[in-house]
Amino acid sequence: MLSTTTTPTDRRKAFRAGLRSDRLQVFPGAFTPLSIRLIQEKGFGGAYISGAVMAAELGLPDIGLTTLTEVAQRAHQISRMSDLPTLVDADTGFGEPMNVARTVHELEDAGVAGLHLEDQVNPKRCGHLDGKAVVDADTAIKRIRAAVDARRDPELVIMARTDIRGVDGLDAAIDRAKALVDAGADAIFPEAMATLDEFAAMRAAVDVPILANMTEFGKSALFTHAQLANVGVNMVIHPVSLLRVAFGAIERALDTLAADGTLDAEVDSMQTRGRLYELLDYEAYNAFDAGIFTYTGR
Ligand SMILES: C[C@](O)(C(=O)O)[C@H](CC(=O)O)C(=O)O
Ligand SMILES: [Mg+2]
């Protein structure tokens, strides 16, 4: 009821424990605070908060137009609605190293368990598009050092994402990842890896957990959890998937409504009012104040 039953530090510890375990950590993208309730109920180990989704929800492309304030607020709204650890996309950190430090404080205050910072130049692109550019190693290292030094809760996970694979190839990605680990990154997000062998090579090269991004319509094939676990990947995100699923359904429903003049044909595929109320834990609010809960339908 109302919000999480845990503290941010508890969730950060749980995230670290999951990353250290030999089980693949599966984080679907929670595109709303309500969706993280469902992700928790379905037994996933955590949830991802995507920058691409944040931008898309605002009707914007994912090219660094969202602000730190918007991202921190959304990260807070989502992180506070479950007991799951959340990993938030902090893009390029919203500026120079001092801005990165401020970003870490804001996101820490928002209650996330971890955040990732990438080495793209601004304005950034979706990691699975062509035409990306990355900053030099020195600049990328400074971003991670600034983040690590700024962290007040030592349990907060600072993950370094490198986009260099799509620009200069796998060897460059491995060199960059090693440098980012030396700079203090707790984990590595190698973006747009092409094959399982590339994940295996990254796994062998660094001694911190690595993440696989299974975003649809991107550069990586959609490997299964078993395939990723087999090559030693520690964590997988499905960042935009739930938004894509929801908007696929929304578009079909709008077509039906326009054609039929009624949504009758869609009702069977809708979440029922009863199921929604279950997710909201309506009944707990009733126990708190018996005057509130009056709904008895399906
Ligand atoms: C992971 C990602 O950074 C995101 O913002 O969710 C995106 C996902 C996408 O655009 O498909 C990315 O891979 O750059
Ligand atoms: Mg992103």
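- Under a 3.5 Å cut-off, the side chain of D119 and the backbone N or O of D163 do form a donor-acceptor pair.
- Heavy atoms only, all atoms of each residue included: A90 and L115 are closest at CB-CD1, 4.3 Å.
- The shortest distance between side-chain heavy atoms of L170 and M193 falls below 4.5 Å.
- Atoms CD and CZ, from E155 and R11 in turn, are 13.0 Å apart once rounded to the nearest 0.5 Å.
- Salt bridge annotation for D130-K219: present, with a cationic side-chain nitrogen under 4.0 angstrom from a carboxylate oxygen.
- Between the side chain of H105 and the backbone N or O of A150, at least one donor-acceptor pair lies under 3.5 Å.
- Looking only at distances, a side-chain donor or acceptor of Q25 sits under 3.5 Å from a matching main-chain atom of G18.
- Taking 4.5 Å as the limit, some side-chain heavy atom of V71 sits within range of a side-chain heavy atom of F94.
- Using a 4.0 Å cut-off between a side-chain N of Lys or Arg and a carboxylate O of Asp or Glu, D153 and K13 do not qualify as a salt bridge.
- Using a 4.5 Å heavy-atom cutoff, the side chains of E108 and P8 are not in contact.
- Hydrophobic clustering of Ile, Leu, Val, Met, Phe, Trp and Tyr side chains at less than 4.5 Å, counting indirect connections, keeps V148 apart from V157.
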Problem set entry | Stepwise side-chain contact (heavy atoms from CB on, under 4.5 Å) test for V240 and F31 | CA-CA 8 Å; V240 193; F31 72 111; over 6 Å; no
Exercise. Please walk me through it: do R161 and Q120 pass side-chain contact (heavy atoms from CB on, under 4.5 Å)?
Worked result: CA-CA 9 Å; R161 162 170 155 176; Q120 285 198 47; 3.6 Å; yes
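- The closest side-chain donor-acceptor pair between D89 and S50, if any, does not fall under 3.5 angstrom.
- Grouped with I164 in one hydrophobic cluster are V134, V167, the linkage being side-chain heavy-atom contacts under 4.5 Å among Ile, Leu, Val, Met, Phe, Trp and Tyr residues.
- Within the 4.5 Å cutoff, the side chain of R37 has heavy atoms near those of the D281 side chain.
- Note that CG of L117 and OG1 of T162 are 12.5 Å apart. Values are rounded to the nearest 0.5 Å.
- Among residues two or more places apart in sequence or in another chain, the ring pair (Phe, Tyr, Trp, His ring centres under 6.0 Å) test is passed with H225 by H238.
- Residues passing the side chain to side chain contact (heavy atoms under 4.5 Å, CB included) test with V206 are A177, K178, V181, R203, V208, I210, sequence neighbours excluded.
- Taking the charged nitrogens against the carboxylate oxygens, D186 and R16 do have a contact shorter than 4.0 Å, which makes a salt bridge.
- Neither V245 nor M214 shares a network with the other; the hydrophobic side chains, linked directly or stepwise wherever heavy atoms of I, L, V, M, F, W or Y lie under 4.5 Å apart, form separate groups for each.
- For the residue pair T9 and T7, no side-chain donor N or O sits within less than 3.5 Å of a side-chain acceptor on the partner.
- When all heavy atoms of L34 and L276 are compared, the closest pair comes out as CD2-CD1, 3.7 Å.
- Rounding to the nearest 0.5 Å places OG1 of T32 at 7.0 Å from CD of E57.
- Here CG of L87 is found 8.0 Å from CD1 of I49. Values are rounded to the nearest 0.5 Å.
- The number of heavy atoms from other shown groups lying within 6.0 Å of CD (Q271) is above 12.
- In terms of heavy-atom proximity, A146 sits nearest to P97 at CB-O, 3.5 Å.
- In terms of heavy-atom proximity, A72 sits nearest to A110 at O-CB, 3.6 Å.
- I188 and V236 end up in the same hydrophobic cluster when Ile, Leu, Val, Met, Phe, Trp and Tyr side chains are linked at under 4.5 Å.
- Taking 4.5 Å as the limit, some side-chain heavy atom of M202 sits within range of a side-chain heavy atom of I174.
- A salt bridge does not link K124 with E191: none of the charged nitrogens is closer than 4.0 Å to a carboxylate oxygen.
- Between the CG atom of D255 and the CD1 atom of I250 there is a distance of 12.0 Å, given to the nearest 0.5 Å.
- Of all non-hydrogen atoms in R151 and L156, the two that sit nearest each other are NH1-O, 2.8 Å.
- A side-chain donor from one of R244 and T215 sits under 3.5 Å from a side-chain acceptor of the other.
- The backbone N or O of V26 sits nowhere less than 3.5 Å from a side-chain atom of Y48 that would complete a donor-acceptor pair.
- Side-chain N or O atoms of E41 include none that pairs as donor or acceptor with a backbone N or O of L279 at under 3.5 Å.
- Between the side chain of R143 and the main chain of E118, a donor-acceptor pair closer than 3.5 Å is present.
- Taking the six-membered ring where the residue is Trp, H116 and F189 present perpendicular rings, their angle passing 60° and hence far from 30°.
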Exercise. Should L242 and L38 be marked as a side-chain contact (heavy atoms from CB on, under 4.5 Å) after you check the CA-CA gap, both sets of side-chain angles, and the distance that decides it?
Worked result: CA-CA 11 Å; L242 298 190; L38 201 47; over 6 Å; no
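- A distance-only check finds no donor-acceptor pair linking the side chain of D175 to the backbone of A172 [under 3.5 Å].
- Taking the six-membered ring for Trp and the full ring otherwise, F27 and F15 have centroids separated by under 6.0 Å.
- Residues A212 and L228 approach most closely at CB-CD2, 3.8 Å, considering heavy atoms.
- A heavy-atom distance below 4.5 Å is found between the side chains of M270 and L263.
- Looking at E70, its side chain never comes within 3.5 Å of a backbone N or O of T66 through a donor-acceptor pair.
- There is no path of hydrophobic side-chain contacts, each under 4.5 Å, that joins M159 to L68.
- Defined by atom type and a distance below 3.5 Å, a donor-acceptor pair is present between the side-chain atoms of R74 and Q77.
- Counting heavy atoms from C-beta outward, N213 and P239 have side chains that approach closer than 4.5 Å.
- L196 CG to Q227 CD: the interatomic distance, rounded to the nearest 0.5 Å, is 5.0 Å.
- Remark: the backbone N or O of P190 is not paired with any side-chain donor or acceptor of R165 at under 3.5 angstrom.
- A continuous path of ILVMFWY side-chain contacts below 4.5 Å connects I39 to I78, so both sit in one hydrophobic cluster.
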